[in-house]
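Counting convention: from 1, in listed order, for ligands and their atoms alike. What you see is a predicted model; the values in this text were computed from it and never measured.
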Amino acid sequence: MYPEIKSTNKLNPNISVAILATKKSNWKQWNFAPEEVVYLEKQIKADKKFIVVNQFKRLVFVQLMEEFAHMESYRKIEGLRESGNKICVQINAHKYNAIQILSEEPLKEEILAMAEGCALSNYQFLKYKTGKKDGHSLEKVELLSSRIAKSDLTQLNIVVDAVYKARDLVNEPQSYLNAVRFAEEIKRLGKNTGLKVDVLNKKQLESLKMGGILAVNKGSRIPPTFTLMEWKPKGHKNKKPLVLVGKGVVYDTGGLSLKPTPNSMDTMKCDMAGGALVALTLYAVAKANLPYHVVALIPATDNRPGGDAYTPGDVVTMFDKQTVEVLNTDAEGRMLLGDALAYAKKYKPELVLDFATLTGAAAAAIGPYGIVCMGTADEKIKSKLRISGFNTYERLVEFPFWDEYAKLIKSDIADMKNIGGPVGGAITAGKFLEKFTDYPWMHFDIAGPAFVSKDDSYRGKNGTGYGVRLMFDFIKNQCK
Ligand code: BES
Ligand code: ZN
Ligand code: ZN
């Protein structure tokens, strides 16, 4: 469970505390024990900016704001999330169960950021551990600040919970989370939230002639699913819906074009991270009761070389009747997404955003440090998305989207082929998707940050839940 973030108006000298202060702070105001003050002052003299005092039956953390003096505001906020991570690690190492956070100046965003970093760092995936589970001890994060409103806390708790749930889904192996279970789990998320969730089964996909999804599913013994979620609250601010599309490949072996690089398959349970991202975004938006009409579409299947698996050389007729020459069965994500993006037209959307662990090329280009994006939305939308990227530190970098790249997916015998050449792999994938859109649209390739193999501050290790915070921030701002 995520630790609950609450507000309090009482400083409790018996539990651990984190203080946002400056070198010149008067330590007496917080009733520190004399030993604590002595140690603290020594550390300040030694020019430490993040100080941990461990003198009594608690920890005292002091974050000197001088550390961020020359940083841009969004970078400072990120620094405070990172401090929240350090606090969480220490609190758990000492088996304490609570932390209070306060500041000398009346700060709000800064305290919330530290709390967010701390709470997100407490995540564990223990479902498959038997015996002693070594669960984290931290249960409560209490904030002492008159500036923080109840709604700030409610939203922060909702977002942290949603990120935890997205991580859980990504961390589930395909032995549990096949396409049918994935849809069931999303259905379960929708309960008691006011979300409408419908799942199309294989028969329905066949009658809709969703050729892309069905082709990828041919090697599987488990049927595909297509999950539709809708949040349409009374008084929603947008006339036409925002549609989010998420890649739901529950496992990607590469299919008959089996993944060529040793061990590159090991983490491919993460290939539904885009689907988890959009599902948990709708969950959070509904829980927070944001007045915005949002739809999510999540096509799901595994991709494997079974008896009747689709093959290189196949020509597939997609949902919108365009034809695709398959030249690599490992480029399966775009097959699913092509169908889903074409399906999105029926909503007459104001904007469509798709999220996918789509290409190794995107991951190779920028690593886990942000999201590669491209698309046809106007500058105003792009700028709002970029701002949400900075607000949440789930940063966006826009790739060129020139016509030349579209030429690289021309096929000799069909309307397009499903791979490009040796250059611009993330972009040719985007150009493929563009062919299925006729509305303002952006594509987000999250192959880099969705799943990480070593600890990365408050994002943790393995499934990161990346993108949920970005999308919540964007939709929240769209409501203003
Ligand atoms: N799921 C992979 C992309 C991926 C790579 C996700 C690394 C996360 C981490 C995708 O389906 C894929 O296999 N893409 C191929 C496309 C190629 C065959 C055109 C790739 O990037 O190699
Ligand atoms: Zn693949
Ligand atoms: Zn894939």
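The shortest non-hydrogen separation linking Leu277 to Gly467 is CD1-CA, 3.6 Å.
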Next item on the list: With ring-ring contact (aromatic ring centres under 6.0 Å, His included) as the test, would you mind laying out the steps for Tyr343 and Phe226 before giving the verdict?
Entry: CA-CA 11 Å; Tyr343 188 85; Phe226 190 106; 5.3 Å; yes
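With rounding to the nearest 0.5 angstrom, the CD atom of Glu4 is 9.5 Å from the NZ atom of Lys140. Distance check, rounded to the nearest 0.5 Å: OG1 of Thr317 to CG of Leu214 gives 11.5 Å.
Thr392 and Asp473 form no side-chain donor-acceptor contact under 3.5 Å, judged by distance and modelled atom types alone.
For ligand 1, the protein residues within 4.0 angstrom (heavy atoms only) are Lys247, Asp252, Lys259, Met268, Asp271, Asn328, Asp330, Glu332, Arg334, Thr357, Leu358, Thr359, Gly360, Ile419, Ala447.
Under the 6.0 Å distance and 45° angle rule, Lys165 does not count as a cation-pi partner of Tyr2. Because its NZ or CZ atom is both nearer than 6.0 Å to the ring centre of Phe50 and within 45° of the ring axis, Lys86 counts as a cation-pi partner of that residue.
In this view, Glu434 and Lys431 satisfy the side chain to side chain donor-acceptor pair (under 3.5 Å) rule, not counting sequence neighbours. Among residues two or more places apart in sequence or in another chain, the side chain to side chain donor-acceptor pair (under 3.5 Å) test is passed with Glu67 by Gln63.
Near-neighbour remark for the Zn ion (ligand 2): protein N, O or S atoms under 2.8 Å are Asp252 OD2, Asp330 O, Asp330 OD1, Glu332 OE1; waters not counted.
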